[in-house]
Every structure is written in C-alpha cells, then in structure tokens.
Colleague: 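Below is a structure I'd like to ask you about.
Predicted model, so just to flag it, every value in this text is computed and none were measured.
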Amino acid sequence: MSFKDFSFDPRISAGIRAAGYTSPTPIQQKAIPVVLQGRDVLGIAQTGTGKTAAFVLPILQHLTRGPLRQVRALIVAPTRELAEQIHQASVDLGGKTRLRSTTVYGGVSKNRQIEALRRGAEIVVACPGRLLDLANDRLIDLSRVEVLVLDEADRMCDMGFLPDIRRILKLLPARRQTLFFSATMPPDIRELADNILHDPVTVQIGMMAPVETVSHALYP
C-alpha cells in the first residue's frame with residue numbers, strides 16, 4: 001500500500017515525501033481512511049506505531065477546506081514533549097500548505113503562546129492545564145473546533161488529568177469528530193471513550209506491549 005492510495009491534497013503529498021515517509025504503517029493503513037470519512041475513532045496502539053501521522057494527515061486534509069486562522073483542530077496530549085512531537089509532525093507534513101500549528105503547555109511563559117494564538121492557527125496541540133488556563137482567561141476560542149484528538153489518554157488519566165479533560169469537553173462544540181488514542185483501556189478510560197465517542201470505529205494494532213521500533217536504555 002502507498003500513501004498515494006489515500007488521494008491526499010498534492011500539498012500534503014509533497015509534505016509526506018519531504019518528511020521521508022515511504023509506505024504507511026499498519027495503524028495508518030487502518031485509521032487514515034476512517035478518519036478521512038469523518039468517523040470517530042477509538043485507537044489502541046503503543047508509541048512507535050506511527051499513530052501521530054495516522055491522525056495528523058487526515059486532519060490536514062480536512063483543514064485544507066474551510067476558513068483559516070481559527071482553531072479548528074484541538075489535539076490534547078499529556079506532556080509537553082509529546083505535544084511538541086505532534087506539533088512538529090503537523091509542521092513537517094503540512095509545510096506545503098497554508099495551515100498553522102501551535103503548542104500550548106505549562107512550564108514556560110504564556111506570552112509567546114498567546115501571541116501565536118492571536119496570529120491565528122488552525123491546529124492547537126495542548127496539555128490540559130495550560131489550555132484551561134488560557135480558556136478561563138478567554139485567550140483561546142474553542143467554539144469552532146471541528147476535530148478533537150485525545151492522545152495517550154491512559155497516561156493523562158495516570159497523571160490526574162481526567163477532571164481537566166471533562167472540563168475541556170464542555171468548552172467544545174457537541175458536533176465534532178473525536179479521535180481517541182490509548183495504549184491501554186482501564187475502566188475509567190473506557191467509560192470516557194464511551195461517553196464522548198459517537199459510533200466509533202475501533203482500530204487496534206498489536207498487543208499491549210512496547211513495539212519493536214522502541215528501544216529502551218538505562219543511564220545510571
């Protein structure tokens with residue numbers, strides 16, 4: 001299978017080539033067509049399976065149509081490292097389009113994030129705490145979000161973000177596409193998924209163990 005089979009916008013196809021992607025991974029093969037159809041997705045996959053591109057690419061395709069410089073896709077991640085990784089993938093794969101991505105997370109000054117939001121971005125990759133902080137100060141408008149991604153939902157639960165996630169959901173339009181990714185499905189995560197996903201397609205890749213592309217090392 002080739003990325004050409006997905007019939008992406010030529011600018012996105014150019015971004016795929018520039019990023020050095022050759023053929024889609026199993027989760028990309030299964031998830032991308034479903035996301036392109038506008039369906040909700042429950043994805044069960046470990047880090048290293050290629051799930052970031054599995055949701056970023058169809059989101060970019062969706063955003064090529066419609067207004068610019070307003071938040072239309074919100075991706076929520078548990079850590080700023082993951083947020084930056086997703087943001088960079090959005091920048092790399094969407095580099096040939098006019099779409100903008102920006103990050104929102106704590107531990108750094110708000111000022112640059114506020115300025116980026118004022119300049120306008122279609123994709124916001126955020127950690128829950130800072131996102132709610134900016135929303136409470138009315139510095140970010142989530143009323144036009146068309147696609148929501150919750151990435152590594154089980155980690156967010158482990159880190160105590162579940163109440164924040166529920167507050168974020170109340171700020172979003174009820175009519176939206178929701179993509180929910182988790183490596184495991186404990187009862188509270190299953191309950192959350194059941195509450196926010198509408199007739200989802202389940203995509204599961206591999207067993208509940210680290211994939212072969214992830215190496216582990218210990219530095220004393």
Colleague: Check whether any side-chain heavy atom of T102 sits under 4.5 Å from a side-chain heavy atom of Q113, and report yes or no.
Modeller: no
Colleague: Which Ile, Leu, Val, Met, Phe, Trp or Tyr residues join Y105 in one cluster when any pair of side-chain heavy atoms under 4.5 Å counts as a link?
Modeller: V108
Colleague: Quiz question: by atom type and distance under 3.5 Å, do the side chains of S101 and H87 form a donor-acceptor pair?
Modeller: yes
Colleague: Could you give me the CA-CA distance, side-chain angles and deciding distance for E115 and R118, then say whether salt bridge (charged side-chain N to carboxylate O under 4.0 Å, His left out) is met?
Modeller: CA-CA 5 Å; E115 284 302 314; R118 285 175 176 165; 3.3 Å; yes
Colleague: Hey, are the side chains of T103 and R80 touching, using non-hydrogen atoms and a 4.5 Å cut-off?
Modeller: no
Colleague: Report the distance from atom CD1 of I140 to atom CD1 of I114, rounding to the nearest 0.5 Å.
Modeller: 10.5 Å
Colleague: Can Q28 and F3 be said to form a side chain to side chain contact (heavy atoms under 4.5 Å, CB included), step by step?
Modeller: CA-CA 9 Å; Q28 292 162 6; F3 282 105; 3.4 Å; yes
Colleague: Just verifying a value: how many Å separate L57 CG and F6 CZ, rounded to the nearest 0.5 Å?
Modeller: 8.5 Å
Colleague: Do you know which two heavy atoms are closest between A14 and K96, and how far apart they sit?
Modeller: CB-CG, 3.8 Å
Colleague: Who pairs with D188 by side-chain hydrogen bond (donor to acceptor under 3.5 Å, both in side chains), at least two apart in sequence or on another chain?
Modeller: none
Colleague: Drop me the distance from S90's OG to I75's CD1, to the nearest 0.5 angstrom.
Modeller: 5.0 Å
Colleague: When rounded to the nearest 0.5 angstrom, what distance separates CG in L117 from CD in Q70?
Modeller: 13.0 Å
Colleague: Any sub-3.5 Å donor-acceptor pair from Q61's side-chain atoms to D9's backbone N or O?
Modeller: yes
Colleague: Between K110 and D133, does at least one N-O distance fall below 4.0 Å, as a salt bridge requires?
Modeller: yes
Colleague: Looking at E122 and R72, does any basic side-chain N land under 4.0 Å from a carboxylate oxygen?
Modeller: no
Colleague: Side-chain contact test, heavy atoms from C-beta onward, threshold under 4.5 Å: evaluate it for I44 versus F181 and give yes or no.
Modeller: no
Colleague: Would you find more than 12 non-hydrogen atoms of other residues, nucleotides or ligands less than 6.0 Å from R112 atom CZ?
Modeller: no
Colleague: Could you state whether V147 and V201 fall into the same hydrophobic cluster, counting links through intermediate Ile, Leu, Val, Met, Phe, Trp or Tyr residues with side-chain heavy atoms under 4.5 angstrom apart?
Modeller: yes
Colleague: Ignoring hydrogens and angles, write down the donor-acceptor pairs under 3.5 Å from the side chains of residues 160-180, residues two or more places apart or on other chains.
Modeller:
| unit_1 | atom_1 | unit_2 | atom_2 | d |
| --- | --- | --- | --- | --- |
| D164 | OD1 | R167 | NH2 | 2.3 |
| R176 | NE | T178 | OG1 | 3.1 |
| R176 | NH1 | P173 | O | 2.9 |
| Q177 | NE2 | V35 | O | 3.1 |
| Q177 | NE2 | R39 | O | 2.8 |

Colleague: Is it the case that D92 and Q88 place a side-chain donor and acceptor less than 3.5 Å from each other?
Modeller: yes
Colleague: Measure the CG-CG distance between L99 and L93 for me, rounded to the nearest 0.5 Å.
Modeller: 11.5 Å
Colleague: Taking the side chain from D151 and the backbone from A77, do they hold a donor-acceptor pair closer than 3.5 Å?
Modeller: no
